[in-house]
Amino acid sequence: SGTKAPSEPQPVLPEFVAPSSFAGLKRKMALREKLEEERMAQEKSLESPVIHQELTMRAKQRWNSMLHDLQASCSVMSLQYTQYREQQIKAAVLDSLENKGWVVESLTSKN
């Protein structure tokens, strides 16, 4: 028949075997540290390009956002400066006309 006999259950926790000497413990700890360093190096090498791409993308987004904000600020400043200059010119013209004895009712155009 096509059914298999049930295998022995796998233990939930691995079997613990304590080293019999300090030298054995030292070897086991060194092996564990080496395996952990290899695992970390492998993870780092796999994640590094992804992290670099993510950082590059975020830097470009931030740069574009700052350029947009700078352009908007310059546009507002230009508009405010133009309005300021128009007010200064209008005030100078009014002063000049009033100093020459003219009575000015309005300087607005009728367009």
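It should be emphasised that the depicted structure is a prediction, and the values quoted were computed from it without experimental measurement.
By the 4.0 Å N-to-carboxylate-O rule, Arg39 lies close enough to Glu36 to be salt-bridged with it.
Judged purely by atom type and a 3.5 angstrom limit, Ser75 uses its side chain to pair as donor or acceptor with the backbone of Gln71. Formation of a donor-acceptor pair under 3.5 Å by the Ser96 side chain with backbone atoms of Ala92 is not found in this model. Checking side-chain atoms of Ser65 against main-chain N and O of Gln61 turns up no donor-acceptor pair under 3.5 Å.
To the nearest 0.5 angstrom, Gln88 atom CD is 9.5 Å from Tyr81 atom OH. In this structure, the separation between CD1 on Ile89 and CG on Leu94 is 12.0 Å, given to the nearest 0.5 Å. Atoms CG and CE, on Leu70 and Met77 in that order, are 9.0 Å from each other to the nearest 0.5 Å. The line from CG of Asp95 to NZ of Lys90 is 12.5 Å long, rounded to the nearest 0.5 Å.
At a threshold of 4.5 Å between side-chain heavy atoms, the hydrophobic network of Ile, Leu, Val, Met, Phe, Trp and Tyr places Val93 and Trp102 in one connected group.
Atom CE of Met66 has more than 12 heavy atoms from other residues, nucleotides or ligands within 6.0 Å.
No side-chain heavy atom of Arg27 sits under 4.5 Å from any side-chain heavy atom of Leu31. With contacts defined as side-chain heavy-atom distances shorter than 4.5 Å, the pair Leu35/Glu38 qualifies.
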Steps toward side-chain contact (heavy atoms from CB on, under 4.5 Å) verdict (Gln80, Val76): CA-CA 6 Å; Gln80 289 176 343; Val76 169; 3.8 Å; yes
Could you walk me through whether Glu54 and Arg58 pass salt bridge (Lys or Arg N to Asp or Glu O under 4.0 Å), step by step? CA-CA 6 Å; Glu54 178 74 17; Arg58 288 179 186 251; 2.6 Å; yes
